Chemist: 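So that we are looking at the same thing, I have put the structure below in structure tokens.
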Protein chains: 2
Amino acid sequence: MATMKDVAKAAGVSLSTVSNTLSGNIHVTEATKQRVLEATERLNYQKNGIAADLKSKTMRTIALIVDDLAGPFFSQFIQGIQRVALDNRYDVVACSALGRKDSMGVKFLQERRASGAIVFASDIAEDLLLDSAGRGLPIVAIDRVVADDRLVSITVDNTQGAYLATEHLIQLGHTSIAYIAGSHDSLDDRQRLNGFLQALSAYGLSPYSDLRISGNFTEEGGYRAIKTLVAQKELPSAVFFANDEMAIGGLRALAAEHILVPDDISVVGFDDIVLARYVHPALTTVRQPIYEMGALAMNVLLSSLMGAPPKTTTYTLSCELIQRGSCRRIGSKESDLARDASSGRRS
Amino acid sequence: MATMKDVAKAAGVSLSTVSNTLSGNIHVTEATKQRVLEATERLNYQKNGIAADLKSKTMRTIALIVDDLAGPFFSQFIQGIQRVALDNRYDVVACSALGRKDSMGVKFLQERRASGAIVFASDIAEDLLLDSAGRGLPIVAIDRVVADDRLVSITVDNTQGAYLATEHLIQLGHTSIAYIAGSHDSLDDRQRLNGFLQALSAYGLSPYSDLRISGNFTEEGGYRAIKTLVAQKELPSAVFFANDEMAIGGLRALAAEHILVPDDISVVGFDDIVLARYVHPALTTVRQPIYEMGALAMNVLLSSLMGAPPKTTTYTLSCELIQRGSCRRIGSKESDLARDASSGRRS
DNA sequence: CGAACCGTTTGAAACGTTTCGAACGCAGCA
DNA sequence: TGCTGCGTTCGAAACGTTTCAAACGGTTCG
């Protein structure tokens, strides 16, 4: 492993000339350039990136820290990021927060291994984020609200999304709608529940049941939630699941109970995971703008790296309803009613 | 951003004492330890990982280089890797080969930014791999054969997998089986075709048609392939798609043509992507041991890092048939025939 | 009482770059 | 001839750690 020093010696020039030649920052004569290049070739020289980073302190590397590199959102999310990063000649390395305190994610945050970070990991403690941000590392946090102007956070408008889904069901004529929660201590879940309730009350409806069923955001949980609902005998005419995984589990349970979707019951999910399109029937759901979140995150980070002061410290992206085959119109009068009430929509 | 020097000054000890305290390699008195710790706390010191790496030359970081961080296999693959890495206190950072010549992937390979690399990216040129390996970087290459003992390569036995799938169809009584190719210049595809042909010939059958239909490994391609087949009028009784994406496209086309699966036609895919379980009917397919590949890759890399000489320079993992709902037995006599011929199985 | 030893601390030299000010050679000009 | 200015090259000082040999104090032992 030859170093620049070796190359310099071999080419008969000084160390700095080699550096200048290779970096291209300072002009050198064509003759010396050739000599240097020939020497690097002959010695099979490759630069040591670590050393370069140490000295120059500007590594054009963005750390993307996620809970789980294998998670359902990761794929779309990174696409949004990569596109923007590539266009701006930045590199992104992904590392997981798996391993908690000494995960690679934490290492990147604490040890100045990147020029910026995008954090989409609930495993990373907030004070660690604030700490690193305070030390001067530009950070964009996804899906968490941080009341601190040292870092910017991007979230999805869960409330609006849930409102959309619920309103859709109401406009299809449904009046008895159940909400299957994810987990009660999740912010996402609380917001979605909120949107659900807001929509109901805007149309003068009340929740189908006081029963708070939670499915833990898992397919299995959704399955069991439906089983529970069935055990109660009187089914609602529509179910709104707090995420797609649960909805898919629910679909499976309904099939097992020979309850037809959407004929007997309408189902809506949340997230629009890839699978949603493929289950039977295809799942009507609320799409989170994951790709857009990635792209936005990267853009914000970049302008922060350019030294621009942040316009705002929190961004909220809105959701979109994706209609597929798991919902059906019932009755007919109700839809008129729904249309009338729609002026009561929340902003 | 305080440095160790600052901490040393603040604690009234030498630079090396600080280093010794923090790294824990050399024992220091409890008293000085406290003094140092107090100072790091007070100055809000965090170590500079880059500098540490530069000096120590051992960074316990494995670079995982993939074509596309969002690809269908990535998820399972990284799970296998992470598990092993975590257990051995190594970190893995994922970077894509997107961007070709100056992608982060190439940077990690060339610039000694990692202590080892796992490469699952056809975008990375072979000579770059050999170059880096020659320079002393332990590399494990996935899904490519490299006739060079500087690096070890892990592949899947596509031929065996395709043989398995085809044999399954034959044993179900199918004699007219079509193969839908991925892309003709792909090694994977050639191997799968090979296994297909081997199985047919082992049972004394010949391919359904001389027509070489290729679906480019995409869902759309699979869709079009079926349309082409239908246009030919006489359909085979079974279709073997070179991957699941195409098979899923094919399923869609068959549904559009009102051809029932598996009643009218049996379908087998290859890969066992997540979706395969969820399409309708659930897809019978060949599972590639992706998770196992990841775990193996990491294990091999680790033992190489420990300085152990590689036992072998190529590993081949075998596939497994996953039976689901897209195949059906036809006839009855043929299955006996199949059982007889099974002694002719390739090794 | 001095030598030998041990555990702790220190000084200084790396690691391989980048970068900045100075030196150098050469042309143009007075 | 001597000065200025310019483009190219050079020397040396960083960057923030780790690490190794040496120094230091204090016991223990001969």
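In this text the structure is predicted, and so the values were computed from the model without any measurement. First the proteins, then the strands, lettered A, B, ... as listed; each starts at 1.
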Chemist: Quick one: is C:dG7 close enough that its OP1 or OP2 comes under 4.0 Å of any side-chain N or O from B:His27?
Modeler: no
Chemist: Rounded at 0.5 Å granularity, tell me how far OG1 in A:Thr32 sits from CD in A:Glu38.
Modeler: 13.0 Å
Chemist: Return the value, rounded to whole Å, for the distance between atom CZ of A:Arg35 and atom P of D:dT8.
Modeler: 15 Å
Chemist: Is B:Thr32 near enough to C:dT9 that one of its side-chain N or O atoms lies under 4.0 angstrom from OP1 or OP2?
Modeler: yes
Chemist: Rounded to whole Å, how long is the line connecting atom NZ of B:Lys33 with atom P of C:dT9?
Modeler: 12 Å
Chemist: Counting only N and O atoms by type, is there a donor-acceptor contact under 3.5 Å from the side chain of A:Asp67 to the main-chain atoms of A:Asp123?
Modeler: yes
Chemist: For B:Ser56, check side chain to side chain donor-acceptor pair (under 3.5 Å) against everything at least two apart and list the hits.
Modeler: none
Chemist: OH/B:Tyr90 to CD1/B:Ile81 distance, rounded to the nearest 0.5 angstrom?
Modeler: 14.5 Å
Chemist: Give the B/S/- string for nucleotides 14-22 of chain D, one per nucleotide from 5' to 3', where a protein heavy atom under 4.0 Å of the base yields B, of only the sugar-phosphate yields S, and otherwise -.
Modeler: BBBBBB---
Chemist: Tell me whether the rings of B:Phe120 and B:Phe77 are parallel (<30°), tilted (30 to 60°) or perpendicular (>60°).
Modeler: perpendicular
Chemist: With rounding to the nearest 0.5 Å, note down the distance linking CD in A:Gln110 to CG in B:Asn48.
Modeler: 12.5 Å
Chemist: So, OP1 or OP2 of D:dT9: does either fall under 4.0 Å of a side-chain N or O from A:Thr17?
Modeler: no
